Amino acid sequence: MTANKKTEFDFFITDLNGNLRGKRIPAPAMKKVMKEGVKLPRSVVGFDFWGADVLDNGLVFETGDSDGICLPVSDKAVPVPWAESPREQVLAMMHNPDGAAFEADPRQVLKRVVDRFKAKGLRPVMATELEFYLMDGESETTQRPIPPLLADGGRRLANTEGYGVEEMDGFSAFFADIRQACEIQGVEADTIIAEMGPGQFEINLNHVDDPLSAADQAILFKRLVRGVSRGHGYAATFMAKPYADQSGNGFHVHFSLLNEVGENVFDDGTEQGSTMMKQAVAGMMETMPDTMLTLAPNQNSYRRFMPGAHAPTFASWGYENRTVALRIPESPGVARRIEHRVAGADANPYLVLASVLAGALYGIENKLEPIEPVEGDAYGESDESLALPNRWEGATDAFEHSEVLREYLGEDFQRVYTAVKRQEQRLLNERITDVEYEAYLGLL
C-alpha cells in the first residue's frame with residue numbers, strides 16, 4: 001500500500017449501536033498498523049449510544065478494562081473523498097489479545113452465524129436497501145429535521161412523490177458524488193429511489209455472496225452519505241422516524257442461499273420455492289419477536305411500528321406482498337429469495353444480517369414449517385400470538401431471555417447488548433420531555 005505523506009487514516013471498528021469507534025493515525029504508522037492492528041479497550045464495543053461505559057456489561061471493572069486487538073478486515077485502505085484534506089479509512093474488527101474472536105463485537109456476531117452456514121456447505125447471498133432523509137444542513141444545529149432546498153430552484157421540498165424521477169433532479173450533484181464515493185470505496189450501489197417523505201430516498205446495494213462484505217458496505221455507505229451530504233450543505237439521517245407524520249426509514253434485506261456448486265437452494269423449479277426456503281421463513285418468523293431489539297434498537301425505532309405506518313407489526317409472510325414482514329418477491333427461479341422488511345435504517349447492519357441468518361438457520365436445522373402465507377392486507381392481522389414487541393423494554397426482555405439467540409449469536413453478545421440497551425432506557429426514562437412540561441406544568 002502506498003500513501004501520500006500528508007494522508008491520515010481513520011482506523012475504526014463498529015460498536016453494538018453501529019457507531020464508529022477508533023483512531024486517526026498518521027500515514028507513516030499505517031504499514032505497522034495494517035500488520036499488527038490497533039489496541040482499544042474491549043469495553044468500547046459495549047458503549048451506550050452516547051459513548052459512555054456500560055458498567056453492567058462485564059467488560060469494564062471485571063476485566064480491568066483490558067484491551068483487545070482491532071485488526072483490519074481488508075488489506076487496503078480506501079479514500080475518504082468528502083474529507084477536507086487527504087485521508088483514507090480502514091474498517092476493523094475486535095479480537096481478544098490471544099487472537100481469538102471477541103464474541104461481543106458485532107462483526108464477530110455475524111461471522112459466527114455465517115460460519116455455521118459454511119459448515120453445512122451453504123453460502124448466504126445478501127443485499128441491503130437503506131432509506132434515509134436528506135435535510136437542510138441547519139437540521140444538525142436545530143436538532144430538528146428541516147426539509148432540504150432543491151439545488152435547481154431554491155424551493156424547499158414539502159413532500160416527495162414516491163418513485164418520482166424529477167424529485168431527484170434537484171439533487172443531481174449530490175447523487176453524482178454519492179455514486180462516485182461508492183465507487184471509490186468499493187460500495188456496490190445500484191438503484192436510487194425517491195421515497196414517500198420530504199427528502200426521503202432509498203439506495204439499493206447489490207447482492208453479494210459474503211454477508212460480512214454486505215454488512216461492511218452498509219456501514220461504509222451510511223458514513224459516506226452523511227459525509228457527502230455535509231459537503232453539499234445538507235444533513236442526512238438514518239433515524240428510524242425523524243418526522244412524526246411522515247414515512248419512517250426502513251432497512252430491507254434480501255437473502256438467498258447457495259450450495260457448494262452455486263445452486264440456489266431456495267429454488268425448486270416452482271413459484272412457491274423449496275422446502276428449505278419455507279423452513280428458513282418459519283425460523284425467521286418464530287425468532288422475529290426475539291430479534292426485534294436488533295432490528296429496532298432505539299426508543300425512536302418503535303415509532304415506525306404503528307397502525308398505518310407501513311411497517312410490519314406482526315410476524316407474517318407472503319408472495320409478492322409488501323404488507324408482510326417476509327416477502328417472497330416474484331422472480332426467476334435462480335433469483336428466488338426472501339425479503340426481510342422489519343428492520344429500521346437506524347439498526348446496526350451486522351446485527352440485522354446476523355438476526356436474519358440466525359432465524360433462517362434455526363428454521364432449517366429444526367425443519368420448521370411456516371403457517372399459511374398471507375394474501376391481501378397483512379396490516380389487518382389480529383392474531384396476537386404473531387404480534388411483534390412494540391415497546392423498547394418489551395423487545396429487550398424478549399432478546400435477553402431468548403435461548404435461540406444465545407445459541408446462534410452467542411452468550412457474551414446477548415449479555416453485553418442487553419446491558420447497553422438497559423442503560424440507554426434508564427437514561428432516557430430519567431429525562432422529562434418537553435411535551436410533559438407543556439401538558440402538565442401549568443395545570444397540575
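Everything numeric here is computed off the predicted structure, so don't read it as measured data. Scope of the values below: all heavy atoms of this structure, side chains included, with no hydrogens, waters or symmetry mates.
- Annotation: side chain of V374 is not in contact with side chain of W317 (no heavy-atom distance under 4.5 Å).
- In this pair, H232 and Y234 present their aromatic rings parallel. The plane angle is below 30°, not in the 30 to 60° band.
- In terms of heavy-atom proximity, I13 sits nearest to C70 at CG2-SG, 3.6 Å.
- Contacts classified as salt bridge (charged side-chain N to carboxylate O under 4.0 Å, His left out) and involving residues 273-297 (residues at least two apart or in different chains) are not found.
- Geometric assessment of K222 against the ring of F238 yields a positive cation-pi assignment under the 6.0 Å and 45° thresholds.
- Looking at residues two or more places apart in sequence or on another chain, you find a ring-ring contact (aromatic ring centres under 6.0 Å, His included) between F266 and F255.
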- request: Before giving the answer on side chain to side chain contact (heavy atoms under 4.5 Å, CB included), spell out for L134 and S229 the whole-Å C-alpha distance, their side-chain angles and the decisive distance to 0.1 Å.
  value: CA-CA 8 Å; L134 198 60; S229 68; 4.0 Å; yes

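- Contact record, M196 with S247: CB-CB, 4.0 Å, taken as the closest heavy-atom pair.
- With a 4.5 Å cut-off on side-chain heavy atoms, Y408 and E365 count as touching.
- Not counting sequence neighbours, D67 has no partner by the side chain to side chain donor-acceptor pair (under 3.5 Å) test.
- By the salt bridge (Lys or Arg N to Asp or Glu O under 4.0 Å) test, E103 pairs with R112, sequence neighbours left out.
- Between the side chain of D15 and the main chain of R21, no donor-acceptor pair closer than 3.5 Å is present.
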field: Worked verdict on D210 versus R123 for salt bridge (charged side-chain N to carboxylate O under 4.0 Å, His left out)
entry: CA-CA 8 Å; D210 177 5; R123 187 168 78 252; over 6 Å; no

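- Annotation for L405 and Q414: closest pair CB-NE2, 4.5 Å, computed over non-hydrogen atoms.
- In summary, the side chains of R42 and N96 do present a donor paired with an acceptor at a separation below 3.5 Å, with no hydrogens or angles considered.
- There is a side-chain donor-acceptor pair under 3.5 Å between E263 and N259.
- Residues forming a side chain to side chain donor-acceptor pair (under 3.5 Å) with T237 (at least two apart in sequence, or on another chain): none.
- Shown here for V54 and G46, the closest heavy-atom pair between the two residues is CG2-O, 3.2 Å.
- Here E129 pairs with nothing under the salt bridge (Lys or Arg N to Asp or Glu O under 4.0 Å) rule; sequence neighbours left out.
- Contact check for L353 versus T128: side-chain heavy atoms found under the 4.5 Å cut-off.
- When every heavy atom of Y350 is checked against every heavy atom of A215, the shortest pair comes out as CD2-CB, 3.3 Å.
- Counting only N and O atoms by type, the side chains of N17 and K421 include a donor and acceptor under 3.5 Å apart.
- Between the side chain of T323 and the backbone N or O of A378, at least one donor-acceptor pair lies under 3.5 Å.
- Taking the side chain as every heavy atom from C-beta outward, M239 and N300 approach each other to under 4.5 Å.
- With sequence neighbours excluded, no residue forms a side chain to side chain donor-acceptor pair (under 3.5 Å) with T191.
- Applying the salt bridge (charged side-chain N to carboxylate O under 4.0 Å, His left out) test to pairs two or more places apart or on separate chains, those with a residue in residues 339-350 are R327-E339, E339-R341.
- Here the straight-line distance linking atom OG of S213 with atom CG of L220 works out to 9.0 Å at 0.5 Å rounding.
- By the ring-ring contact (aromatic ring centres under 6.0 Å, His included) test, Y243 pairs with Y133, sequence neighbours left out.
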- request: Take V208 and V125, measure what side chain to side chain contact (heavy atoms under 4.5 Å, CB included) needs, and give me the verdict at the end.
  value: CA-CA 5 Å; V208 293; V125 177; over 6 Å; no

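- Annotation: ring-ring contact (aromatic ring centres under 6.0 Å, His included) contacts of F251 (sequence neighbours excluded): none.
- Screening residues 394-410 for salt bridge (charged side-chain N to carboxylate O under 4.0 Å, His left out) gives R116-E407, D397-R422, E400-R422 as the qualifying pairs, with residues at least two apart or on separate chains.
- Q423 meets the side chain to side chain donor-acceptor pair (under 3.5 Å) test with D48; sequence neighbours excluded.
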task: Check step by step if side chain to side chain contact (heavy atoms under 4.5 Å, CB included) holds for R322 and E320.
output: CA-CA 7 Å; R322 284 185 169 84; E320 198 48 53; 3.6 Å; yes

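- Exactly one of Q89, R24, K23 qualifies for a side-chain hydrogen bond (donor to acceptor under 3.5 Å, both in side chains) with D10. That residue is R24.
- Between the side chain of N429 and the main chain of Q425, a donor-acceptor pair closer than 3.5 Å is present.
- Side-chain contact check for D115 versus K111: some heavy-atom pair is nearer than 4.5 Å.
- No side-chain donor-acceptor contact under 3.5 Å links E188 to the backbone of E183.
- Residues S355 and L409 share a closest heavy-atom pair of OG-CD1, 4.4 Å.
- No side-chain donor from either of T275 and Q279 sits under 3.5 Å from a side-chain acceptor of the other.
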- request: In sequence, state the C-alpha distance, the side-chain angles, and the governing distance for L257 and I364, and then conclude on side chain to side chain contact (heavy atoms under 4.5 Å, CB included).
  value: CA-CA 11 Å; L257 201 55; I364 292 169; 3.9 Å; yes

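- When each of D105, T418, L351 is checked for a side-chain contact (heavy atoms from CB on, under 4.5 Å) with F413, only L351 meets the rule.
- Side chain of W392 to backbone of L293: no donor-acceptor contact under 3.5 angstrom is found.
- Interatomic distance, I193 CD1 to N204 CG, rounded to the nearest 0.5 Å: 4.5 Å.
- Ring pair F399/Y417 is perpendicular by interplanar angle, where above 60° counts as perpendicular and below 30° as parallel.
- Counting only distance, with no hydrogens or angles, the side chain of S43 and the backbone of D65 share no donor-acceptor pair below 3.5 Å.
- Classified by interplanar angle (parallel below 30°, tilted 30° to 60°, perpendicular above 60°), the ring pair H254/H207 is perpendicular.
- The closest side-chain heavy-atom distance from M135 to P147 is not below 4.5 Å.
- Remark: the backbone N or O of V342 is paired with a side-chain donor or acceptor of R304 at under 3.5 angstrom.
- Between V352 and T294 there is no side-chain heavy-atom pair separated by less than 4.5 Å.
- For the residue pair E393 and Y302, no side-chain donor N or O sits within less than 3.5 Å of a side-chain acceptor on the partner.
- Between the side chain of D267 and the main chain of R336, no donor-acceptor pair closer than 3.5 Å is present.
- For the pair H95 and Q108, the minimum side-chain heavy-atom distance is below 4.5 Å.
- For Q180 (side chain) and D177 (main-chain N/O), no donor-acceptor pair under 3.5 Å exists by modelled atom type.
- For R415 (side chain) and N57 (main-chain N/O), a donor-acceptor pair under 3.5 Å exists by modelled atom type.
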